[in-house]
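The figures that follow rest on heavy atoms only: side chains count, while hydrogens, waters and symmetry mates do not. We number each residue from 1, following the sequence as shown.
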Amino acid sequence: MGTRKHSQHGTSIAPVLEKAGYTVVLHDLRGYGDSSKPFDEGDTEHRLYTKREMANDSVKVMDNFGFKRFTIVSHDRGSRVAHRLAVDFPDRVEKVVLLDIAPTLTMYRSPKDYKEFATKYIWWFFLIQPYPWPERMIEANQREYLQSQLEKQAALRPPTPIRSQLEQEYHRTNSLPGAVHAICEDYRASASIDLELDEADEREGKKMKTDVLVLWGEEGIIGKLWDLVVVVWRCR
């Protein structure tokens with residue numbers, strides 16, 4: 001869903017990668033989990049939460065651990081940051097894995113069914129509404145809002161102990177001061193300045209120059225609502 005996910009989402013796969021010989025760095029994106037949640041009411045262009053800013057954050061995290069080149073395995077909002085990072089920092093990225101997304105520009109431009117897109121991705125349209133209305137509506141009954149989203153996303157999957165633990169963690173971190181506003185700002189940036197950056201890349205022919213693996217779920221809607229997902233990514 002994106003409106004709740006953070007580094008805990010990757011804890012189930014991290015041991016598998018470590019066993020295969022990889023060093024795994026999991027970090028919360030700006031505004032998510034326990035990461036900082038900058039706030040500037042005057043930031044009407046949502047620059048604090050562009051994927052470019054988040055990509056810069058990620059590079060600084062890797063610098064802190066001494067990694068000059070690295071492979072990115074990403075999902076959902078993280079994949080949108082990974083896309084921007086690979087375009088802006090081609091010398092830092094060895095390979096990229098993008099899970100269950102189409103490019104943001106493509107998703108807003110050309111779904112097969114706009115009604116289905118708006119229904120299944122309601123947060124893409126609700127969270128981008130002007131501050132402070134989405135924040136106030138969510139914070140009025142924050143736990144019920146998040147739980148409804150969790151249940152909607154988990155409808156096709158049976159309950160597991162790991163999922164229960166993750167849901168508790170999502171409730172904790174989404175209740176932190178500034179979390180709801182930060183999430184809204186992430187989506188507002190995606191629907192405005194991030195699109196401008198993507199369009200500029202398109203005009204200039206800037207693409208990811210690394211090896212890219214794109215995967216999406218058979219029962220999800222990415223492949224159903226957007227044609228030729230792999231072909232689309234080859235243009236990005």
Side-chain angles (χ1 to χ4, degrees), residues 1-6 9-10 13 29 31-32 46 49-52 54-55 58 71-88 90 93 95-129 134 148-157 183-236:
M1 181 174 75
T3 56
R4 69 199 190 280
K5 292 173 180 172
H6 51 77
H9 195 66
I13 195 174
L29 295 176
Y32 290 87
H46 320 295
Y49 287 89
T50 63
K51 304 309 160 289
R52 176 161 284 166
M54 293 183 178
S58 299
T71 294
I72 305 173
V73 180
S74 59
H75 175 248
D76 204 331
R77 308 309 290 176
S79 287
R80 305 195 187 284
V81 176
H83 176 207
R84 173 50 55 192
L85 199 161
V87 172
D88 287 359
V93 181
K95 298 177 183 179
V96 180
V97 180
L98 304 172
L99 302 176
D100 213 33
I101 74 163
T104 307
L105 194 59
T106 300
M107 290 182 72
Y108 273 121
R109 273 183 179 172
S110 56
K112 296 178 187 176
D113 185 331
Y114 279 97
K115 179 179 179 293
E116 185 75 0
F117 178 31
T119 302
K120 299 292 188 182
Y121 279 72
I122 181 175
W123 46 89
W124 277 52
F125 302 93
F126 169 54
L127 299 178
I128 69 176
Q129 300 306 309
S148 70
Q149 297 302 306
L150 290 168
E151 290 173 358
K152 181 177 181 181
Q153 292 294 304
L156 297 176
R157 297 185 294 275
I183 292 168
C184 290
E185 283 295 286
D186 172 28
Y187 280 80
R188 289 173 183 135
S190 286
S192 56
I193 188 170
D194 283 333
L195 294 181
E196 294 174 11
L197 294 172
D198 290 344
E199 288 169 345
D201 289 341
E202 189 175 58
R203 289 192 300 271
E204 298 167 13
K206 290 178 65 177
K207 304 178 183 179
M208 293 184 287
K209 297 180 180 179
T210 186
D211 292 335
V212 180
L213 174 63
V214 179
L215 301 170
W216 60 94
E218 183 179 4
E219 296 182 348
I221 66 170
I222 292 295
K224 295 177 182 178
L225 288 185
W226 290 274
D227 285 320
L228 306 173
V229 177
V230 171
V231 175
V232 168
W233 274 113
R234 286 176 181 155
C235 299
R236 303 295 171 193

Can you name the nearest heavy-atom pair linking [X] to [Y], along with the distance?
X      : Y      : value
Trp226 : Met107 : NE1-CA, 3.2 Å
Ile128 : Tyr187 : CG2-O, 3.3 Å
Leu127 : Pro134 : O-CG, 4.1 Å
Gly223 : Val229 : CA-CG2, 4.3 Å
Thr210 : Val93  : OG1-O, 3.6 Å
Ile101 : Ile222 : CA-CD1, 3.9 Å

### Task
Mind checking the CG-OG spacing from Leu98 to Ser74? Nearest 0.5 Å is all I need.
4.5 Å
#### Entry: Carboxylate-amine/guanidinium contact Glu116 Lys224, below 4.0 Å
no
### Basic-acidic side-chain contact under 4.0 Å: Asp198, Lys51
no
### Message
With a 6.0 Å cut-off on the ring centroids, do Phe117 and Phe125 count as close?
### Response
yes
### Query
Would one find more than 12 heavy atoms of other residues, nucleotides or ligands at under 6.0 Å from atom NZ of Lys209?
no
### Query
For Leu213, does the CG atom sit with more than 12 other heavy atoms under 6.0 Å from it, leaving out its own atoms?
yes
#### Entry: Residue pair Asp194 / Tyr49, side-chain donor-acceptor N/O under 3.5 Å
no
### Message
Distance alone, cut at 3.5 Å: any donor-acceptor contact between the side chains of Arg77 and Ser190?
### Response
yes
### Stepwise side-chain contact (heavy atoms from CB on, under 4.5 Å) check, Thr104 with Thr106
CA-CA 5 Å; Thr104 307; Thr106 300; over 6 Å; no
### Query
Just wondering, do Pro103 and Arg109 contact through their side chains at under 4.5 Å, heavy atoms?
no
